[in-house]
Student: 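Input: one structure, supplied below.
Sequence lines set the chain letters: A, B, ... in the order given, protein chains first and strands last, and positions in each chain run from 1.
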Amino acid sequence: MTAVASTPAPFRTCPTTGLRVHSQADALIKANAVAATISLLIGGVAAVLVLLTRWQAIHLLPADWFYRVLTVHGMSMLIFFIIFFEMAVLYFAGPVVLNSRVPAPRLAWTGFALMAGGAILVEVMMWTGRADVLFTSYVPLRADPLYYLGIILFAVGALITTGLFFGALVIAKREHTYPGSIPLVTFGATTAAIIAVITLLHGAAIYIPTFLWSLGVMNVDPEIYRLLWWGLGHSSQQINVAAMVAVWYLLGALSIGAVVLNEKVSRTAFVLYVLFISMASAHHLLVDPGFSPAWKVWNTSYAMYLAVLASMIHGFTVPAGMEVGMRLRGFTQGLFGWLRRAPWGDPGFSALVFSVIIFGFLGGITGVTFGTEQINLIAHNTFRIPGHFHATVVAGTALAFMGVTYYVIPLIFRKQVAFWKLARIQPYLFAGGMVIFSMAMTFAGTFGVPRRSYDISSADAPFSTQFNPAVDLMIGIMGIGGLLAALGGAIYIVVTVWSVFFGPAMPAAVTVGNLKAGYGVPNGVLNPPKPLPPGEHSQRGLTRGTVVLVAVFLAAFIAYYFVNWKLLASVWKVG
Amino acid sequence: MNTGLQSPTGVWWKPAHRAETIWVRIAFAWCMVLFAMMPLWHLKGGQNPAGIRGRVTPAAFEQRAQEFIAAYKVGEENGFALVEPPPGADVYLIARMWQWEPVLRLRKDAQYTLHLSSVDVNHGFSLMPVNLNFQVVPGYDYALRITPTTAGEFSLVCNEFCGINHHAMIGRLIVLDTDAAPPATPGGTR
């Protein structure tokens, strides 16, 4: 073997964070972020078409196009947008945060090419009507074999990228690029990566047999398909949860210098995710004929709700870390002075706050309640389910990712953020729209409105069904909320695309005067949070605002949970 | 204190602050309540998705259901058999693209064993306006001991995507009061 002199990798130093950034990490983050944005655009157009069709007063599309576009919406958003973005998060949380390099860049680009190629193949199959099977593609509904192949390629690419993240951890450790232990954000991203491996292996376990089944080579049992598919379908949303919480800690640190209250507690909570959160795949199987009550109770509760415990811990430590960070920097008035005087004009900060609140209050509470074995009887496959997961995945994860994008643009792309005034209100529009949308959808679902249905007017049916008159009103409100959120999503895409491709470069010294008119950068870049004096600080009394917030949360949780038991008790007896 | 972006150095495995510790304990206690509610409802509650679960081929299920329909048919509605089984009977409901067969007429407060299965793809059983939902999976017989506690007219909405006419898959179910006389049914056989 010839000796290869290792040329030093080209690095730059980030002027805001002081991190050493490898040029390959820069490029891979950009590529994945661009792919995520394109997926978001496709999924967003599909979202508006779906919305305007389910809005009975408008009922835009014909039936075949409705189900086609609904398939596109699910795949583009829940798989392509989210996972491309998470790959970018992994390149950031690994090589960048650890001041290290991307291992095997050629392999990294191969992974990206597989993901992009797979996504394009799947999109073509869906748009040409060869995969009208919805996101879940429940066997024996059949799509073109190339559809399943595209998903397999995408999953293999994502698995390669995830593997390289683990490689980056090893390299950084060996090359001593950071002192002490890995930062909490990287730790959280690591748990997301581990959950991603679990998820993608389930994906392989179900899509490879289904691909063979579509070729007529083997049989796939419909119930086993559901079990394994949800090992992918639900677990992929758990990558989101772990990645989102990591992004919460990241945004808190960048925007206001939020501290970590206790490394042990936050990291243990992340470990609980790894151990238990994938069991939530059972949420989809609670009223299925294939599983026993004991299996359902154990799995749906993530082994006695230990993953819920993890989320409730983060639900305390994230806001409390922000509160302590603010109080230690002098924002000490009253219970909520720290919150009132926070940089609400920083879209990274406002997105963080809305993401935490909506994920917890709307997404978390409804998810745990509907995921109760018996309560699922009055929730399964109704509008309550998409009402729940739009609060978690869209207003929680996607909004957090949007917030962090406003930092990625100046810190990674080295560009100023375009249409700054619009960017500042974007999280408000998006969060407000999603709150209206998902609450109205959940309420409509309480009356039994089915999800994934082209038409609830019984127009072509042999018998008719009547919904509560409130349903029409709810769906109208849902439509308005959805359009508001779509406007927020459109602003996000315009701002990011314009900034990245046409925005002026960041000035050497970042001050308001040095920025081009109409452009801006988040507060955390303009005025990075003052470093805290080193050493320990007493936290005594510094988290009292957060204590009030979590008490309100727990009260809302208890109320909603028991109201649902009450509702359940009023339906027919079944056992 | 460090942010989530900074590497903690030294020993960071330390006891948590008091407020944090208390919150973790409260959250854990709440999680135990959440967990306990489910077994408790199996013992004390009236709504559980347990049922009797087994495998069945689509052909075998179709045959059992047709025998059931022939035995208890009392009329027709919109071209579907109207079937009135006696209280306590095994009741069969076929889900197929894109209809529910047959139309059922049951008695309030009587218990039936309702067998659900599909002869083609996945379907969703949604009893409206009660809002009671089950997954219907081909190859599996989901037998639920069900007691209608309200009388009236109900519809069965399919709430699992099953193809292009999914939204038109609506069936019908009638519940008569315990001692009401059966209404005159056109095309009745008894």
Student: For B:F28, look at atom CZ and say whether over 12 heavy atoms of other residues, nucleotides or ligands are found less than 6.0 Å away.
Tutor: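 No.
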
Student: Does any heavy atom of chain B fall under 4.5 Å from the side chain of A:V368, the backbone, both, or neither of them?
Tutor: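 The side chain, not the backbone.
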
Student: By a 4.5 Å heavy-atom criterion (distance strictly below it), what part of B:I26 contacts chain A: side chain, backbone, both, or neither?
Tutor: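 The answer is the side chain of B:I26.
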
Student: Name the region of B:F80, side chain, backbone, both or neither, that has any atom closer than 4.5 Å to a heavy atom of chain A.
Tutor: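 The side chain, not the backbone.
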
Student: What do the steps show when you test B:T147 against B:Y112 for side chain to side chain donor-acceptor pair (under 3.5 Å), and what is the final call?
Tutor: CA-CA 6 Å; B:T147 309; B:Y112 302 86; over 6 Å; no

Student: Which bit of B:I22 comes within less than 4.5 Å of chain A, counting heavy atoms only: side chain, backbone, both or neither?
Tutor: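 When you check distances to chain A, no heavy atom of B:I22 falls under 4.5 Å.
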
Student: Could you check B:D90 against B:H115 for side chain to side chain donor-acceptor pair (under 3.5 Å), going step by step and ending with a plain yes or no?
Tutor: CA-CA 7 Å; B:D90 279 306; B:H115 294 259; 2.9 Å; yes

Student: More than 12 foreign heavy atoms under 6.0 Å from CD of A:Q466: is that the case here?
Tutor: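 No, not enclosed.
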
Student: What is the distance from atom CE of A:M322 to atom CG of A:L261, rounded to the nearest 0.5 Å?
Tutor: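 That separation rounds to 11.5 Å.
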
Student: Among A:F467, A:Y561, A:F463, which has the most heavy-atom pairs under 4.5 Å with chain B?
Tutor: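 Among A:F467, A:Y561, A:F463, the one with the most close pairs to chain B is A:F463.
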
Student: Judged by atom type as modelled, is there a donor-acceptor pair below 3.5 Å linking the side chain of A:S292 to the main-chain atoms of A:W295?
Tutor: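 Judged by distance alone, yes, a pair lies under 3.5 Å.
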
Student: Using modelled atom types and a 3.5 Å cut-off, is there a donor and acceptor pairing between side-chain atoms of B:S118 and backbone atoms of B:V121?
Tutor: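 Answer holds: yes.
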
Student: Checking heavy atoms, do the side chain of B:W23, its backbone, both or neither come under 4.5 Å from chain A?
Tutor: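 Side chain only.
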
Student: Sort A:D455 into side chain, backbone, both or neither according to what part of it lies under 4.5 angstrom from a heavy atom of chain B.
Tutor: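 Both backbone and side chain of A:D455 come within 4.5 Å of chain B.
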
Student: Given the options A:D460, A:D288, A:V259, A:L184, which has more heavy-atom pairs under 4.5 Å with chain B than any of the others?
Tutor: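 Sorted descending by pairs with chain B, the first entry is A:D288.
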
Student: Side chain, backbone, both or neither: which part of A:L70 has a non-hydrogen atom closer than 4.5 Å to chain B?
Tutor: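 Neither part, no heavy atoms under 4.5 Å.
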
Student: Given heavy-atom pairs under 4.5 angstrom as the criterion, report whether the side chain, backbone, both or neither of B:E20 touches chain A.
Tutor: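 Backbone plus side chain of B:E20, per the 4.5 Å heavy-atom cut-off to chain A.
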
Student: I need the residue from B:I52, B:T150, B:V103 with the largest number of non-hydrogen atom pairs under 4.5 Å to chain A.
Tutor: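 The answer is B:T150.
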
Student: So which of B:A143, B:P138, B:C158, B:G79 has the largest heavy-atom pair count under 4.5 angstrom toward chain A?
Tutor: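 Highest number of heavy-atom pairs under 4.5 Å: B:P138.
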
Student: Using non-hydrogen atoms only, which part of A:A320 is less than 4.5 Å away from chain B: side chain, backbone, both, or neither?
Tutor: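 Neither the backbone nor the side chain of A:A320 comes within 4.5 Å of chain B.
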
Student: If you take all heavy atoms of A:R544 and A:E323, which pair is closest and at what distance?
Tutor: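 In this case the closest contact between A:R544 and A:E323 is N-OE2, 3.4 Å.
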
Student: Relative to chain A, which segment of B:V175 carries a heavy atom at a distance below 4.5 Å: side chain, backbone, both, or neither?
Tutor: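 Interface part for B:V175: side chain.
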
Student: Which atoms of B:W41 come close to chain A, meaning under 4.5 Å heavy atom to heavy atom: side chain ones, backbone ones, both, or neither?
Tutor: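 Contact with chain A is through both the backbone and side chain of B:W41.
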
Student: Tell me, side chain or backbone of B:M32 under 4.5 Å from chain A's heavy atoms, or both, or neither?
Tutor: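 The side chain, not the backbone.
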
Student: Among B:G54, B:G10, B:A19, B:A50, which has the most heavy-atom pairs under 4.5 Å with chain A?
Tutor: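 Maximum pair count with chain A is reached by B:A19.
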
Student: Report the option among A:R267, A:R540, A:H284, A:R451 that has the most heavy-atom pairs separated by less than 4.5 Å from atoms of chain B.
Tutor: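 Of the options given, most contacts go to A:R267.
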
Student: Tell me, for B:D120 versus chain A, whether the close heavy atoms (under 4.5 Å) come from the side chain, the backbone, both or neither.
Tutor: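 Just the backbone, heavy atoms under 4.5 Å.
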
Student: Cut-off 3.5 Å, side chains only: do A:R452 and A:T136 have a donor facing an acceptor?
Tutor: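 Yes, because at least one side-chain N or O of A:R452 sits under 3.5 Å from a partner of the opposite role on A:T136.
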
Student: Name the option with the most non-hydrogen atom pairs under 4.5 Å to chain A; the candidates are B:V157, B:V24, B:N2.
Tutor: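 The answer is B:N2.
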
Student: Counting only non-hydrogen atoms closer than 4.5 Å, does A:F291 touch chain B with its backbone (N, CA, C, O), its side chain (CB onward), both, or neither?
Tutor: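 Answer is backbone: N, CA, C or O of A:F291 sit under 4.5 Å from chain B.
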
Student: By a 4.5 Å heavy-atom criterion (distance strictly below it), what part of A:A294 contacts chain B: side chain, backbone, both, or neither?
Tutor: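 Nothing of A:A294, per the 4.5 Å heavy-atom cut-off to chain B.
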
Student: Do you know which of A:F316, A:Y249, A:Y138 has the most heavy-atom pairs with chain B at a distance under 4.5 angstrom?
Tutor: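 Most heavy-atom pairs under 4.5 Å with chain B: A:F316.
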
Student: Select one option (side chain, backbone, both, neither) describing which atoms of A:W248 are under 4.5 Å from chain B's heavy atoms.
Tutor: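 Answer is neither: A:W248 stays 4.5 Å or more from chain B.
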
Student: Verify whether one side chain among B:R53 and B:Y142 offers a donor that lies under 3.5 Å from an acceptor in the other.
Tutor: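 Note: B:R53 and B:Y142 side chains miss the donor-acceptor criterion.
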
Student: Let me know if A:F383 has heavy atoms under 4.5 Å from chain B in its side chain, its backbone, both or neither.
Tutor: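 Interface part for A:F383: neither.
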
Student: For chain B, which candidate among A:L567, A:L285, A:N468, A:I558 shows the most heavy-atom pairs at distances under 4.5 Å?
Tutor: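 Between A:L567, A:L285, A:N468, A:I558, the count favours A:I558.
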
Student: Are a donor atom and an acceptor atom from the side chains of B:R64 and B:Y92 found within less than 3.5 Å of each other?
Tutor: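 No, no side-chain donor-acceptor pair sits under 3.5 Å.
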
Student: Between A:T300 (side chain) and A:V297 (backbone), is there a donor-acceptor pair under 3.5 Å?
Tutor: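 Flag not set: sc A:T300 to bb A:V297 has no pair under 3.5 Å.
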
Student: Tell me, for A:S464 versus chain B, whether the close heavy atoms (under 4.5 Å) come from the side chain, the backbone, both or neither.
Tutor: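 Only the backbone of A:S464 comes within 4.5 Å of chain B.
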
Student: Which one, A:I182, A:V550, A:T543, leads in non-hydrogen pairs under 4.5 Å with chain B?
Tutor: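 The residue among A:I182, A:V550, A:T543 with the greatest pair count is A:V550.
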
Student: Looking at B:F134, B:F161, B:W100, which has the largest count of heavy-atom pairs under 4.5 Å with chain A?
Tutor: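 Highest number of heavy-atom pairs under 4.5 Å: B:F161.
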
Student: Will you find, in the side chains of A:Y178 and A:T186, an N or O donor that is under 3.5 Å from an N or O acceptor?
Tutor: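 Their side chains do not contain a donor-acceptor pair, so the 3.5 Å distance test is not met.
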
Student: Do B:E160 side-chain atoms and B:V136 backbone N/O form a donor-acceptor pair below 3.5 Å?
Tutor: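 A pair under 3.5 Å: no.
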
Student: Between A:Q539 and A:N262, is any side-chain donor less than 3.5 angstrom from a side-chain acceptor?
Tutor: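 There is no such pair (donor and acceptor under 3.5 Å, judged by atom type) between the side chains of A:Q539 and A:N262.
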
Student: For chain A, which candidate among B:A16, B:S155, B:P148 shows the most heavy-atom pairs at distances under 4.5 Å?
Tutor: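 Ranked by contacts with chain A, first place is B:P148.
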
Student: Are the ring centres of B:F154 and A:W572 closer than 6.0 Å?
Tutor: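 They qualify: ring centres under 6.0 Å apart.
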
Student: Do B:S117 and B:D141 get their side chains close enough for a donor-acceptor pair, meaning under 3.5 Å?
Tutor: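 Checked: B:S117/B:D141 side chains show no N/O donor-acceptor pair below 3.5 Å.
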
